[in-house]
Amino acid sequence: MTLSPVRRALTATAVAGGTAALMLAGVSGASAHVGATPDKTAANSYALVTFGIPHGCDTFGTTRVTITLPAELNDAQPTVNPNWTVERVEEQLPEPKTLADGSSITKRTSRIVYTAKAPLDPHFRDALVLSVKLPDTPGKTLYFPTLQNCEQGQTDWATIPQEGQDHDSVKSPAPSVTVTEAVADGHAASGAPAGTASATTHDLAQATSVTDDGAQARSWAGLVAGVGGLVLGGLAFLRRRAPQQ
């Protein structure tokens, strides 16, 4: 059956609108996750890992964020955020651990706890930055289970995907960083000691985390505007085709 020009225009409009709606729904779900964005991933390097904090409890503000460090990390230095107080929580190791330089430790930093000075509005995001030394294990994925407490309720971002399972398909996935091969250039591979990165680097990491969703939203807004224009064009076409009274 051959479709008339009018029906073809309406069909194309409906398909475009449906596709845009599905894509927007997917973006909305993905952007709600607590994500970890490192400025470096090279094995044995120092990295600034930015945790983007979105709403986690519907309409209730976030009051506390507890980031659990993977067993592969011995320590993390939190970046000061004026909206939060921060605490490092240590744990006693079951037995002394020998480090690469020959020294040994009996404790390690297991959690970083950020407490909001005022609840984080669910309509806004914030960025929490940790400085960590990545292990010398290329290909290893480090998971940072993150508990987000709110004025009412909580969300435990702690689910680790099974092998072959997509991260975004998991309910409440744990933020993660995958370690890559060490960089041949010594400066790039080793990075700067934890806590010595410049303020500009910190600010850039935070700005990237906070504004990524805004740029994404603008892109989708453009898509929606384009679909809207297609719909209006179809309606105008129908009006021109309508018989005159």
(request) To the nearest 0.5 angstrom, please state how far the CZ atom of F60 sits from the CG atom of L120. (result) 14.5 Å
(request) Without swapping roles, check the side chain of S110 against the backbone of V89 for a donor-acceptor pair under 3.5 Å. (result) yes
(message) Determine whether a donor-acceptor pair (N or O, by modelled atom type, separation under 3.5 Å) exists between the side chain of T146 and the backbone of F144.
(response) yes
(request) Working to the nearest 0.5 Å, report the span between CG of L134 and CG of L142. (result) 6.5 Å
(message) Quick one: does any side-chain atom of N81 pair with a main-chain N or O of L128 as donor and acceptor, under 3.5 Å?
(response) no
(request) Over all heavy atoms of both residues, which pair between Y114 and V129 is shortest? Give the atoms and the distance, please. (result) OH-O, 3.5 Å
(message) For Q162, I'd like to know if atom CD has over 12 heavy atoms of other residues, nucleotides or ligands within 6.0 Å.
(response) no
(message) I need the minimum non-hydrogen distance between Q148 and T62, along with the two atoms involved.
(response) NE2-OG1, 2.8 Å
(message) Which heavy atom of V179 sits nearest to which heavy atom of P135, and what is that distance?
(response) CG1-O, 3.7 Å
(request) Taking T180 for its side chain and T41 for its backbone only, find out whether a donor-acceptor pair lies under 3.5 Å. (result) yes
(message) Measuring from atom CG of D126 to atom OG1 of T50, what distance do you get when rounded to the nearest 0.5 angstrom?
(response) 11.0 Å
(message) How long is the straight-line distance from OG1 of T115 back to CG of N83, given to the nearest 0.5 Å?
(response) 13.0 Å
(message) Is it the case that the side chains of T98 and S104 hold a donor-acceptor pair, with the cut-off being a distance below 3.5 Å and no angle test?
(response) no
(request) Might you point out which heavy atoms bring P54 and V34 nearest each other, and give the distance in Å? (result) CD-CG2, 3.7 Å
(message) In the structure I gave you, are the side-chain heavy atoms of T106 and E95 within less than 4.5 Å of one another anywhere?
(response) no
(request) Report yes or no: does T159 contribute a side-chain atom to a donor-acceptor pair with the main-chain N or O of K171 at less than 3.5 Å? (result) yes
(request) Please check if the side chain of E151 supplies one atom and the backbone of G61 the other of a donor-acceptor pair under 3.5 Å. (result) yes
(request) Is it possible for you to say whether V86 and W84 belong to one hydrophobic cluster, with membership spreading through side-chain heavy-atom contacts below 4.5 Å? (result) yes
(message) I need the H33 NE2 to W157 CH2 distance, nearest 0.5 Å.
(response) 5.5 Å
(request) Hydrophobic side-chain clustering at under 4.5 Å (ILVMFWY, transitive links): who's grouped with L99? Put none if nobody. (result) L93, I105
(request) Identify the two heavy atoms, one from P145 and one from A158, that lie closest to each other, and give their separation to 0.1 Å. (result) CB-CB, 4.0 Å
(request) Would you name the heavy atoms of P175 and A36 that are closest together and state the gap between them? (result) CB-CB, 3.7 Å
(request) Report the residues that fulfil salt bridge (charged side-chain N to carboxylate O under 4.0 Å, His left out) with E91, sequence neighbours left out, ordered by chain and then residue number. (result) R108
(message) I'd like to know if the side chain of E181 reaches the main chain of A43, judged simply by a donor and an acceptor atom lying under 3.5 Å from each other, with no hydrogens or angles considered.
(response) no
What donor-acceptor contacts under 3.5 angstrom involve side-chain atoms of residues 66-76, with partners at least two apart or in another chain?
from: E72; atom 1: OE2; to: K140; atom 2: NZ; distance (Å): 3.4
from: N74; atom 1: OD1; to: K97; atom 2: NZ; distance (Å): 2.9
from: D75; atom 1: OD1; to: R88; atom 2: NH2; distance (Å): 2.6
from: D75; atom 1: OD1; to: T109; atom 2: OG1; distance (Å): 2.7
from: D75; atom 1: OD2; to: R88; atom 2: NH2; distance (Å): 2.9

